[in-house]
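Because the structure is a prediction, the values reported are computed rather than measured.
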There are 2 protein chains.
Amino acid sequence: MTEAAGGGRDAEAVSKFVESFAAQLVEAGMQRMAARVFAALLSSDKGVMTSAELGEQLQISPAAVSGAVRYLAQTHMVSREREPGSRRERYRVHGDQWYEALTNREAVLKRWEAALREGVSSLGADTPAGRRMAETLAFFEFIEREVAAMMERWRAHREERFGK
Amino acid sequence: MTEAAGGGRDAEAVSKFVESFAAQLVEAGMQRMAARVFAALLSSDKGVMTSAELGEQLQISPAAVSGAVRYLAQTHMVSREREPGSRRERYRVHGDQWYEALTNREAVLKRWEAALREGVSSLGADTPAGRRMAETLAFFEFIEREVAAMMERWRAHREERFGK
DNA sequence: CGCTTCTTTCAGAAATTTGTGAAGTTAAGG
DNA sequence: CCTTAACTTCACAAATTTCTGAAAGAAGCG
């Protein structure tokens with residue numbers, strides 16, 4: 001039977017999922033190693049893995065794990081935790097990592113909006129280009145408000161469906 | 001006075017906006033040339049430019065313009081039009097290019113969902129990992145529905161604010 | 001305190017991506 | 001049809017990014 005690292009699970013099936021899901025994430029712009037690490041965590045039994053386990057399963061160096069995890073932690077896709085009384089660190093995916101990640105896109109939007117405001121005022125709000133940029137700006141502001149409301153609804157929906 | 005290609009506008013102010021907005025788009029994952037071309041169009045007087053004008057303003061080769069425009073057209077950020085009776089092509093931004101672009105992210109979501117479904121069924125819906133993936137899948141499905149509704153609201157909001 | 005184990009940082013090799021010039025293709029206009 | 005203007009494709013050079021091994025840096029444990 002094909003089972004190993006996962007602890008009694010079909011290692012090949014896991015690997016197949018990891019690589020195919022990671023590929024989709026990469027195509028959408030995520031760094032390759034970050035995508036693979038994230039997918040591995042998502043499909044792990046406990047949703048928690050150590051650096052060594054990740055390196056082993058994905059066949060990558062500790063340095064690569066470190067880089068991937070740093071990125072994932074910054075974007076709130078995984079959290080790091082210290083096993084009490086050990087130098088080992090563990091990385092965990094939550095059920096609501098995407099919720100978190102989406103919420104943090106807000107910072108990106110804010111910067112876009114700032115650049116657009118600058119553009120509107122430097123080109124003139126009464127010019128055709130200025131008006132076009134103002135409308136784009138309005139769209140982003142709208143989205144920002146809506147996404148906040150949407151996340152609120154997701155929380156409700158989730159509790160109802162999966163229980164808190 | 002600093003004015004030129006734009007046709008009576010402050011070329012330096014335009015260029016400054018183009019580069020700073022493009023930089024933000026690049027940071028969020030867009031290809032550099034595509035970002036610059038898009039920003040140039042957004043800040044152009046008529047919202048329309050020819051390949052030659054773009055190359056001139058951004059100081060890039062026709063090949064680079066071609067590549068950037070291909071990407072932007074695929075993602076529905078700009079549309080191409082043929083000047084009637086001419087070999088010249090013109091590229092245009094609409095007021096609702098982001099609306100379009102966001103709508104087309106749906107395709108990406110669909111692929112992610114497919115990969116997750118595959119994962120759930122190959123690892124087993126009754127395993128911890130399977131349940132985690134199923135919840136992620138539910139989140140995406142929720143987002144997909146919500147985004148559609150949100151875009152509907154944007155159309156209403158937009159008409160009210162800017163007039164159709 | 002010092003040993004040991006784990007993680008991070010760093011410099012460089014390898015791979016990938018990006019942009020260009022030049023040739024190729026398409027289509028308008030004589 | 002042939003010419004010519006415009007866009008696209010292709011091969012390559014340059015720049016950037018990515019991953020690794022090795023060294024340096026923390027932190028538990030004796």
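- The residue among A:Gln59 and A:Ser86 whose nearest nucleotide of DNA chain D is located toward the 5' end is A:Gln59.
- Applying the side-chain hydrogen bond (donor to acceptor under 3.5 Å, both in side chains) test to pairs two or more places apart or on separate chains, those with a residue in residues 128-149 of chain A are A:Lys110-A:Glu144, A:Arg117-A:Glu141, A:Glu135-B:Arg158, A:Glu146-B:Arg153.
- Take B:Ala28 and apply the side chain to side chain contact (heavy atoms under 4.5 Å, CB included) test, not counting sequence neighbours, and it matches A:Val108, A:Trp112.
- In the region residues 64-78 of chain B, proximity to DNA chain C at under 4.0 angstrom, judged on heavy atoms, holds for B:Ala64.
- Looking at heavy-atom distances under 4.0 Å, A:Arg80 makes contact with sugar-phosphate atoms alone, never a base.
- Looking only at distances, a side-chain donor or acceptor of A:Ser43 sits under 3.5 Å from a matching main-chain atom of A:Ala39.
- Ring geometry, A:Phe142 versus B:Trp154: the interplanar angle falls from 30° to 60°, so the pair is classed tilted.
- As judged by a 4.0 angstrom heavy-atom cut-off over every strand, A:Arg90 is placed among residues making no nucleic acid contact.
- Annotation: proximity of residues 29-41 of chain B to DNA chain D (heavy atom, distance under 4.0 Å) is found for no residue.
- For residues 27-40 of chain A, the pairs satisfying side-chain hydrogen bond (donor to acceptor under 3.5 Å, both in side chains) are A:Glu19-A:Arg36, with sequence neighbours left out.
- A:Met77 and A:Val26 fall into different hydrophobic clusters, where Ile, Leu, Val, Met, Phe, Trp and Tyr side chains are chained together by heavy-atom contacts under 4.5 Å.
- For residues 27-79 of chain B, the set of pairs meeting the ring pair (Phe, Tyr, Trp, His ring centres under 6.0 Å) definition, not counting sequence neighbours, comprises B:Phe38-B:Trp98.
- Residues passing the ring pair (Phe, Tyr, Trp, His ring centres under 6.0 Å) test with A:His94: none are found, sequence neighbours excluded.
- Between B:Leu41 and B:Val78, the shortest heavy-atom distance links the atoms CD1-CG1, 3.8 Å.
- Here the range on DNA chain D touched by chain A, meaning any atom under 4.0 Å from one of its heavy atoms, is D:dC19 to D:dC29.
- Protein chain B touches strand DNA chain C; the 5'-most and 3'-most nucleotides with an atom under 4.0 angstrom of its non-hydrogen atoms are C:dG19 to C:dG29.
- Taking the ring pair (Phe, Tyr, Trp, His ring centres under 6.0 Å) definition, one finds that A:Tyr91 meets it with nothing, sequence neighbours left out.
- Of the possible polar contacts, one joining the A:Glu53 side chain to the A:Thr50 backbone as a donor-acceptor pair under 3.5 Å is found.
- By the ring pair (Phe, Tyr, Trp, His ring centres under 6.0 Å) test, B:Tyr99 pairs with no residue at all, sequence neighbours left out.
- In this structure A:Gln59 satisfies the side-chain hydrogen bond (donor to acceptor under 3.5 Å, both in side chains) test with no other residue, sequence neighbours excluded.
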